[in-house]
Structures are given as C-alpha cells and as structure tokens.
Amino acid sequence: MDFDTPLFDTALAEAWIRSIAAAVEKEQDRLTELDSAIGDGDHGSNLRRGFDAALAALEGLQPTGPGAVLTRTGTTLISKVGGASGPLYGKAFRALGAALPEPAGPVALAEAMAAGLDAVRILGKAEPGDKTIVDAWTPAVAALRAAAAAGATLPEAAAAAADAAEQGARDTVPLRARKGRASYLGERSTGHQDPGATSTALLFRTLADVTGNR
Ligand code: ADP
Ligand code: MG
C-alpha cells in the first residue's frame with residue numbers, strides 16, 4: 001500500500017461539497033434546459049438551492065469525519081429541495097455518510113457509493129433503464145468497484161467512476177422515461193438526456209476532480 005495515496009477524509013468531503021456547489025452553479029442553465037425538455041424546468045434551480053444551503057450548513061459544523069459532512073449535506077438537501085431530486089439525493093447522501101468509514105480508500109468509497117445508490121432505489125423504485133439518476137449512478141458504482149478490486153488509487157477509481165457516470169448519462173438519451181415527471185411524456189421523453197442522470201455525472205466528476213487535486 002502506498003501511504004502517499006490520498007484517502008477520502010473530512011477535508012476531501014468538504015472539498016467535494018464545495019466543488020459540487022460550484023459545478024451546479026456553472027451547469028445550472030444546462031440542467032434547467034434538460035429539465036425543460038422533459039420535465040418542469042426546475043432541476044438546475046432545485047440543486048442550486050440545495051447545494052448552496054449544504055455549503056452554508058457546513059460553515060458552523062465541526063465534523064467528526066467525512067461521513068458527518070455527507071450526512072449533514074443529505075439532511076440539508078431533504079429539507080431545502082422540493083421535487084423528486086431533493087429527497088432522492090438527500091437520502092443518497094445520508095446513506096453515503098452513514099456507510100463511510102474514516103478515512104476511506106477506494107474499496108470503502110465504492111461500498112459507500114453503493115449504499116447511496118441503494119437508498120435512491122429504495123425511495124424512487126427506479127430500475128436501470130428507467131431514465132433516472134439510477135442510470136448514471138449504477139455504472140459509476142460498478143466502475144468504482146472494479147477499479148478498487150484491481151488495486152486502483154482513489155483518484156484513479158474516482159476518474160473511472162466519473163467516466164462511467166457520464167457515459168451512463170449520455171446513454172439515457174434514447175430511453176423512454178418510466179419514473180418521475182418525464183414519464184408523463186411517454187414516447188416523447190425519448191431523444192433527450194435525463195437531467196438527474198446528468199447531475200449525477202456532475203457529482204462523480206467533481207469527486208474525481210477533488211481526489212485528483214489532492
Ligand atoms: P421534479 O421532477 O420533481 O421537478 P427535479 O427536476 O429536481 O424534480 O429532478 C428530476 C430528476 O429526478 C429526473 O431527471 C430523474 O433523473 C430524477 N428522478 C425522478 N424520479 C425518480 C425516481 N423515482 N428514481 C430516481 N430518479 C428519479
Ligand atoms: Mg423538475
């Protein structure tokens with residue numbers, strides 16, 4: 001084991017939330033556009049409100065570990081974001097926080113991300129292929145697990161997960177939505193990238209960025 005390899009610790013968890021908030025601000029209009037095509041156009045503003053509040057909530061917090069940072073983020077998302085994505089991402093971050101040991105290497109992070117995905121699936125009942133958050137999160141967990149099993153470092157594993165999540169988000173374009181508002185459109189939901197899968201890809205890309213910059 002290379003002891004210079006970065007681990008997912010409290011500072012990295014805080015950096016991740018900051019990086020998500022910045023990415024959501026930058027991509028807000030794109031997320032809104034995607035949600036205007038097959039939903040009600042509020043995904044960008046929902047996440048902006050949620051992650052701005054999550055940042056503010058970290059200000060006064062003296063976290064006991066990376067898990068506490070993510071749990072607080074989840075609680076904040078649940079209380080500040082209406083719509084489907086608030087409770088789904090909120091539960092995911094809470095599950096992630098609860099499952100994360102300190103400090104976490106690639107194997108532990110992969111299992112925590114799997115717990116986050118389970119939380120999304122228990123609440124939202126979406127299957128892979130339903131054109132949701134699950135379609136980006138599922139391949140990201142698979143890539144994290146595969147990289148961790150192969151002995152990858154945290155930055156390598158996170159980069160593989162981000163690539164897989166982005167591919168998963170692109171792969172939602174031809175799908176017909178079977179969950180959430182987009183499902184009301186039936187066949188007309190095809191031909192557009194799912195906003196939630198797109199924001200999930202942002203979560204994994206920022207994770208790769210912050211672990212890689214350590
Ligand atoms: P709302 O649909 O209430 O306006 P948002 O616009 O913030 O909420 O989020 C929409 C996204 O939520 C969708 O693009 C989809 O990815 C995700 N989503 C909706 N329902 C589910 C579900 N049951 N399971 C997983 N993800 C879902
Ligand atoms: Mg919406």
Side-chain angles (χ1 to χ4, degrees), residues 17 20-55 70 73-96 99 112-142 161-162 164-207:
I17 302 305
I20 296 171
V24 163
E25 184 180 347
K26 190 162 163 264
E27 299 294 325
Q28 182 178 343
D29 291 349
R30 175 156 176 263
L31 295 173
T32 289
E33 252 166 55
L34 293 174
D35 196 37
S36 300
I38 58 171
D40 56 355
D42 63 355
H43 192 54
S45 56
N46 280 345
L47 292 190
R48 180 78 189 274
R49 180 162 8 93
F51 281 97
D52 281 355
L55 263 192
L70 303 183
T73 297
T75 303
T76 307
L77 293 176
I78 290 170
S79 71
K80 298 288 179 194
V81 185
S85 62
L88 289 165
Y89 279 140
K91 288 273 188 183
F93 273 86
R94 286 181 56 85
L96 194 50
M113 284 297 187
L117 175 60
D118 285 346
V120 169
R121 294 197 55 180
I122 287 166
L123 180 63
K125 305 196 167 53
E127 298 291 331
D130 284 351
K131 199 177 182 102
T132 71
I133 288 168
V134 169
D135 291 309
W137 203 306
T138 302
V141 167
E166 285 169 359
Q167 186 62 51
R170 284 193 293 272
D171 289 346
T172 63
V173 172
L175 297 176
R176 174 183 175 153
R178 289 199 208 84
K179 284 281 183 289
R181 278 179 200 283
S183 67
Y184 308 159
L185 293 180
E187 244 348 284
R188 282 181 295 133
S189 63
T190 61
H192 302 277
Q193 185 164 315
D194 179 60
T198 307
S199 57
T200 293
L202 279 185
L203 298 185
F204 282 94
R205 179 54 63 196
T206 51
L207 180 65

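Order of listing sets the numbers, starting from 1, for every ligand and every atom in it. Here, residue 1 is the first one in the sequence, and each next residue gets the next number.
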*Asks:* May I have the list of side-chain donor-acceptor pairs in residues 27-34 shorter than 3.5 Å, sequence neighbours left out?
*Replies:*
residue : atom : partner : partner atom : Å
Gln28   : OE1  : Arg48   : NH1          : 2.7
Thr32   : OG1  : Gln28   : O            : 3.1

*Asks:* Does Lys125 reach ligand 1 with a nitrogen or oxygen that is under 3.5 Å from one of the ligand's nitrogen or oxygen atoms?
*Replies:* no
*Asks:* May I ask you to identify the nearest protein heavy atom to atom 5 (P) of ligand 1, giving residue, atom name and distance to one decimal place in Å?
*Replies:* His43 ND1, 3.4 Å
*Asks:* Between Lys131 (side chain) and Ser189 (backbone), is there a donor-acceptor pair under 3.5 Å?
*Replies:* yes
*Asks:* Any salt bridge linking Glu127 with Arg121? Criterion: basic side-chain nitrogen under 4.0 Å from a carboxylate oxygen.
*Replies:*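 The answer is yes: the pair qualifies as a salt bridge.
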*Asks:* Backbone or side chain, does any N or O of Val134 fall under 3.5 Å from an N or O of ligand 1?
*Replies:* no
*Asks:* Looking at atom 23 (N) of ligand 1, what's its closest protein heavy atom, distance included?
*Replies:*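 Result: Gly124 O, 2.9 Å.
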*Asks:* Heavy-atom contacts with Asp35 under 4.0 Å: which atoms of ligand 1 show up? List them by number with element.
*Replies:* 6 (O)
*Asks:* Under 2.8 Å from the Mg ion (ligand 2), which protein N/O/S atoms are there?
*Replies:* Asp35 OD2, Asp40 OD1, Asp42 OD1
*Asks:* List ligand 1 atoms under 4.0 Å from Ala126, heavy atoms only on the residue side.
*Replies:*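 Listed by number with element: 24 (N).
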*Asks:* Can you pull out the closest protein heavy atom to atom 7 (O) of ligand 1? Residue, atom name and distance to 0.1 Å, please.
*Replies:* Ser85 OG, 2.6 Å
*Asks:* Do you know the tightest heavy-atom contact between Ser85 and Leu47?
*Replies:*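 It is OG-CD2, 4.0 Å.
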*Asks:* In ligand 1, which numbered atoms sit nearer than 4.0 Å to a non-hydrogen atom of Asp40?
*Replies:* 4 (O)
*Asks:* Against heavy atoms of Leu88, which atoms of ligand 1 measure under 4.0 Å?
*Replies:* 18 (N), 21 (C), 22 (C), 24 (N), 25 (C), 26 (N), 27 (C)
*Asks:* Taking only heavy atoms of Asp42 into account, list the atoms of ligand 1 that are under 4.0 Å away from them.
*Replies:* 4 (O), 5 (P), 6 (O)
*Asks:* Is the shortest N/O to N/O distance between Lys131 and ligand 1 below 3.5 Å?
*Replies:*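 Min N/O separation from ligand 1 is not below 3.5 Å for Lys131.
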*Asks:* Which distance, rounded to the nearest 0.5 Å, do you find between the CG of Asp130 and the OG1 of Thr172?
*Replies:* 12.0 Å
*Asks:* For atom 20 (N) of ligand 1, what is the nearest protein heavy atom, given as residue, atom name and distance?
*Replies:*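 Among all protein heavy atoms, the one nearest atom 20 (N) of ligand 1 is Gly180 CA, 3.5 Å.
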*Asks:* Which protein non-hydrogen atom lies closest to atom 16 (O) of ligand 1, naming both residue and atom, and how far is it?
*Replies:* Asp194 OD2, 2.5 Å
*Asks:* Is a side-chain donor or acceptor of Arg178 paired with a backbone partner of Gly129 at a separation under 3.5 angstrom?
*Replies:* yes
*Asks:* Measure across Lys80 and Arg49 and return the closest heavy-atom pair with its distance rounded to 0.1 Å.
*Replies:*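 Taking Lys80 first and Arg49 second, the nearest heavy atoms are O-NH1, 3.0 Å.
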*Asks:* Please check if the side chain of Thr138 supplies one atom and the backbone of Pro128 the other of a donor-acceptor pair under 3.5 Å.
*Replies:* no
*Asks:* Could you tell me, atom by atom, which parts of ligand 1 come under 4.0 Å of a heavy atom of Pro195?
*Replies:* 14 (O)
*Asks:* May I ask you to decide if Ala114's main-chain N or O and Trp137's side chain share a donor-acceptor pair within less than 3.5 Å?
*Replies:* no
*Asks:* Okay, side chain of Lys91, backbone of Ala119: is any donor-acceptor separation there less than 3.5 Å?
*Replies:* no
*Asks:* Is Asp42 reaching over with its side chain to a backbone N or O of Ser45, donor-acceptor style, under 3.5 angstrom?
*Replies:*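 Here the side-chain-to-backbone pair does not exist.
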*Asks:* Within ligand 1, which atoms have a heavy atom of Arg181 less than 4.0 Å away?
*Replies:*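 Going through ligand 1 atom by atom, the ones under 4.0 Å from Arg181 are 1 (P), 2 (O), 3 (O), 4 (O).
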*Asks:* Give the atoms of ligand 1, by number and element, whose distance to some non-hydrogen atom of Gly196 is under 4.0 Å.
*Replies:*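 Near Gly196, meaning under 4.0 Å from one of its heavy atoms, ligand 1 has 13 (C), 14 (O), 16 (O).
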*Asks:* So, for Ala112 and Ala99, which heavy atoms are closest and what is the spacing to 0.1 Å?
*Replies:* CA-CB, 3.9 Å
*Asks:* What is the closest protein heavy atom to atom 26 (N) of ligand 1, and at what distance does it sit?
*Replies:*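 Looking at atom 26 (N) of ligand 1, the protein heavy atom closest to it is Thr132 CB, 3.2 Å.
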*Asks:* Between Ile133 and ligand 1, is there a nitrogen or oxygen pair with a distance under 3.5 Å?
*Replies:* yes
*Asks:* Give me the residue, atom name and distance of the protein heavy atom closest to atom 8 (O) of ligand 1.
*Replies:* Ala84 N, 3.2 Å
*Asks:* Looking at Tyr89 and Ile78, would you say the former's side chain and the latter's main chain have a donor-acceptor pair under 3.5 Å?
*Replies:*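 Pair absent, no side-chain N/O of Tyr89 close to backbone of Ile78.
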